[in-house]
Amino acid sequence: MYDYIKTVVPKEHIVFHEPMSKHTTFRVGGEAECFIMIQQEEELAQLIPYLNQIEKEYFILGNGSNLLVGDKGYRGIVMKFAGPMEDIRVEGTRITAKAGAMLTKVAVTAKENALSGLEFAAGIPGSIGGGVVMNAGAYDGEIKQVVEAVRVMDKDGQITTLDNDTMEFGYRTSIIKNRPFIVLEVVLRLTEGDQTQIGARMEELMEQRRSKQPLEYPSAGSTFKRPEGNYAGKLIMDAGMRGYRIGGARVSDKHCGFVVNTGKATAADIKEVIEEVQERVKERFHVTLEPEVVFLGDF
């Protein structure tokens, strides 16, 4: 298998036993068996059908901002977009971003070109590809509001383009959550605006983040999806879980919707806190909190 991979990807872009703590915003996680930096769509088009054919497990990594990797690592191939797969280009009111581009960078590019509609994404610490998969959003804004088209690859390495309607966007979900598609490129349709006003709005939202969220600690952002008709943070606080901790993992005092790594947490600590929060909230309010966080590997 590795002999084949080396014929597809330059060997300097392949790392064995890579600590996933370097690639997640929780800053925890064991080693990935193999870690590949993908710089060309052609590399992916050869690897994906092959890995599916031999039934080798793999995972496409964005910025790791919504991911918890087990302490015992991941016995599979992790692929992360880099280099040309992070490119961003602007044509009129459209921005075309490769899947590896950071959402924040795309938002700044929009501002620099006086394009409005992506201000809400200024502080979201994910990639545009990951953002599209989960329909990332904040402050009344969602990716679905600005997506025109998404180029994806299927498990056979075939590429197709999905329009906004076909993406089946919902709250923190899309068609890609339920189908074996990999996001390659996203076309955003924005509107002309005033650069100063766009910048001011982005700074206003960033200040809200800084004042209300525990950005001083490693975390995966909001740990739970918002339950219908309620707020995860309020339920957790009302269940008496503010500040609850196991090892180095803790429910944030600043915002109970965040589970944070206070410095020396293990992935198991974080997972246990998440599960204990779910249990207490279910017990007290009969509400099932669904994690936004994706669990990967062995804990």
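Since we're looking at a predicted model, the values are computed, not measured. Atom set for the values below is all heavy atoms of this structure, side chains included, hydrogens, waters and symmetry mates excluded.
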Flag the pair [X] / [Y] as yes when at least one side-chain heavy-atom distance between them is below 4.5 Å, and no otherwise.
{"X": "T191", "Y": "T93", "answer": "no"}
{"X": "F26", "Y": "V69", "answer": "no"}
{"X": "I236", "Y": "L289", "answer": "yes"}
{"X": "F295", "Y": "I274", "answer": "yes"}
{"X": "I5", "Y": "T7", "answer": "no"}
{"X": "V251", "Y": "T223", "answer": "no"}
{"X": "E57", "Y": "I77", "answer": "no"}
{"X": "T25", "Y": "S219", "answer": "no"}

Is the count of non-hydrogen atoms from other residues, nucleotides or ligands lying under 6.0 Å from [X] atom [atom1] greater than 12?
{"X": "K177", "atom1": "NZ", "answer": "yes"}
{"X": "E12", "atom1": "CD", "answer": "yes"}
{"X": "K105", "atom1": "NZ", "answer": "no"}

Non-hydrogen atoms of [X] and [Y] that approach each other most closely:
{"X": "A232", "Y": "P227", "answer": "N-CD, 3.6 Å"}
{"X": "G62", "Y": "S127", "answer": "CA-OG, 3.6 Å"}
{"X": "C34", "Y": "I14", "answer": "SG-CG2, 3.8 Å"}
{"X": "V106", "Y": "L188", "answer": "CG1-CD1, 3.8 Å"}
{"X": "V8", "Y": "E43", "answer": "CG1-O, 3.6 Å"}

Pair [X] + [Y]: basic N to acidic O under 4.0 Å:
{"X": "R75", "Y": "D298", "value": "yes"}
{"X": "K56", "Y": "E33", "value": "yes"}
{"X": "E185", "Y": "R89", "value": "yes"}
{"X": "R172", "Y": "E290", "value": "no"}
{"X": "E279", "Y": "K282", "value": "no"}
{"X": "R280", "Y": "E283", "value": "no"}
{"X": "E119", "Y": "K111", "value": "no"}
{"X": "R201", "Y": "E203", "value": "no"}

Look at the side-chain heavy atoms of Ile, Leu, Val, Met, Phe, Trp and Tyr, link any pair under 4.5 Å apart, and say whether [X] and [Y] land in one connected group.
{"X": "V147", "Y": "F81", "result": "no"}
{"X": "I60", "Y": "M85", "result": "yes"}
{"X": "M237", "Y": "Y244", "result": "no"}
{"X": "I48", "Y": "M1", "result": "yes"}
{"X": "V132", "Y": "I88", "result": "yes"}

- Message: Between R245 and V273, does the side-chain contact (heavy atoms from CB on, under 4.5 Å) criterion hold? Intermediate values first, please.
- Response: CA-CA 7 Å; R245 71 185 301 157; V273 170; 5.7 Å; no
- Message: Under the criterion side-chain contact (heavy atoms from CB on, under 4.5 Å), I'd like the reasoning laid out for V146 against R189: C-alpha separation, chi angles, the key distance, then a yes or no.
- Response: CA-CA 5 Å; V146 292; R189 184 67 178 267; over 6 Å; no
- Task: For Y217 and F258, run ring-ring contact (aromatic ring centres under 6.0 Å, His included): C-alpha distance rounded to whole Å, both residues' side-chain angles, the deciding distance at 0.1 Å, then the answer.
- Result: CA-CA 10 Å; Y217 292 111; F258 285 61; over 10 Å; no
Main-chain N/O of [Y] paired to [X] side chain as donor or acceptor, under 3.5 Å:
{"X": "Q197", "Y": "D194", "result": "no"}
{"X": "E148", "Y": "V187", "result": "no"}
{"X": "T161", "Y": "V150", "result": "no"}
{"X": "S116", "Y": "E192", "result": "no"}
{"X": "S252", "Y": "C256", "result": "no"}
{"X": "D154", "Y": "D156", "result": "yes"}
{"X": "K72", "Y": "F299", "result": "no"}
{"X": "T104", "Y": "A122", "result": "yes"}
{"X": "E142", "Y": "A138", "result": "no"}
{"X": "S65", "Y": "P125", "result": "yes"}

Hey, could you give me the [atom1]/[atom2] distance between [X] and [Y], rounded to the nearest 0.5 Å?
{"X": "L68", "Y": "M20", "atom1": "CG", "atom2": "CE", "result": "11.0 Å"}
{"X": "R27", "Y": "S21", "atom1": "CZ", "atom2": "OG", "result": "8.5 Å"}
{"X": "T160", "Y": "R151", "atom1": "OG1", "atom2": "CZ", "result": "9.5 Å"}
{"X": "E276", "Y": "Q278", "atom1": "CD", "atom2": "CD", "result": "10.0 Å"}
{"X": "Q46", "Y": "E41", "atom1": "CD", "atom2": "CD", "result": "12.5 Å"}
{"X": "M102", "Y": "E86", "atom1": "CE", "atom2": "CD", "result": "9.0 Å"}

- Message: For a side-chain contact (heavy atoms from CB on, under 4.5 Å) check, start with the C-alpha distance between L44 and L184, then their side-chain angles and the critical distance, and finish with the verdict.
- Response: CA-CA 10 Å; L44 205 62; L184 301 174; 3.8 Å; yes
- Message: Quick check on ring pair (Phe, Tyr, Trp, His ring centres under 6.0 Å): which of Y58, Y2, Y4 does Y50 satisfy it with?
- Response: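 It is Y4; the other options fail the test.
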- Message: Here's one to test your reading of the geometry: is the NZ or CZ of R226 within 45 degrees of the ring axis of Y171 and under 6.0 Å from its centre?
- Response: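 Yes, a cation-pi geometry.
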- Candidate list V133, I124, V186, L103, test side-chain contact (heavy atoms from CB on, under 4.5 Å), partner I143, passing option: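 Exactly one option meets the side-chain contact (heavy atoms from CB on, under 4.5 Å) with I143, and it is L103.
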- Query: So which of V259, I246, D71 actually passes side-chain contact (heavy atoms from CB on, under 4.5 Å) with I270?
  - Reply: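 By the side-chain contact (heavy atoms from CB on, under 4.5 Å) criterion, I270 pairs with just one of V259, I246, D71: V259.
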- Message: side-chain contact (heavy atoms from CB on, under 4.5 Å) for R209 and Y139? Distances and angles first, verdict last.
- Response: CA-CA 10 Å; R209 284 181 184 277; Y139 302 110; 3.5 Å; yes
- Message: Using side-chain hydrogen bond (donor to acceptor under 3.5 Å, both in side chains), reason through E18 and H23 one step at a time and then give a plain yes or no.
- Response: CA-CA 9 Å; E18 175 74 352; H23 302 282; 2.8 Å; yes
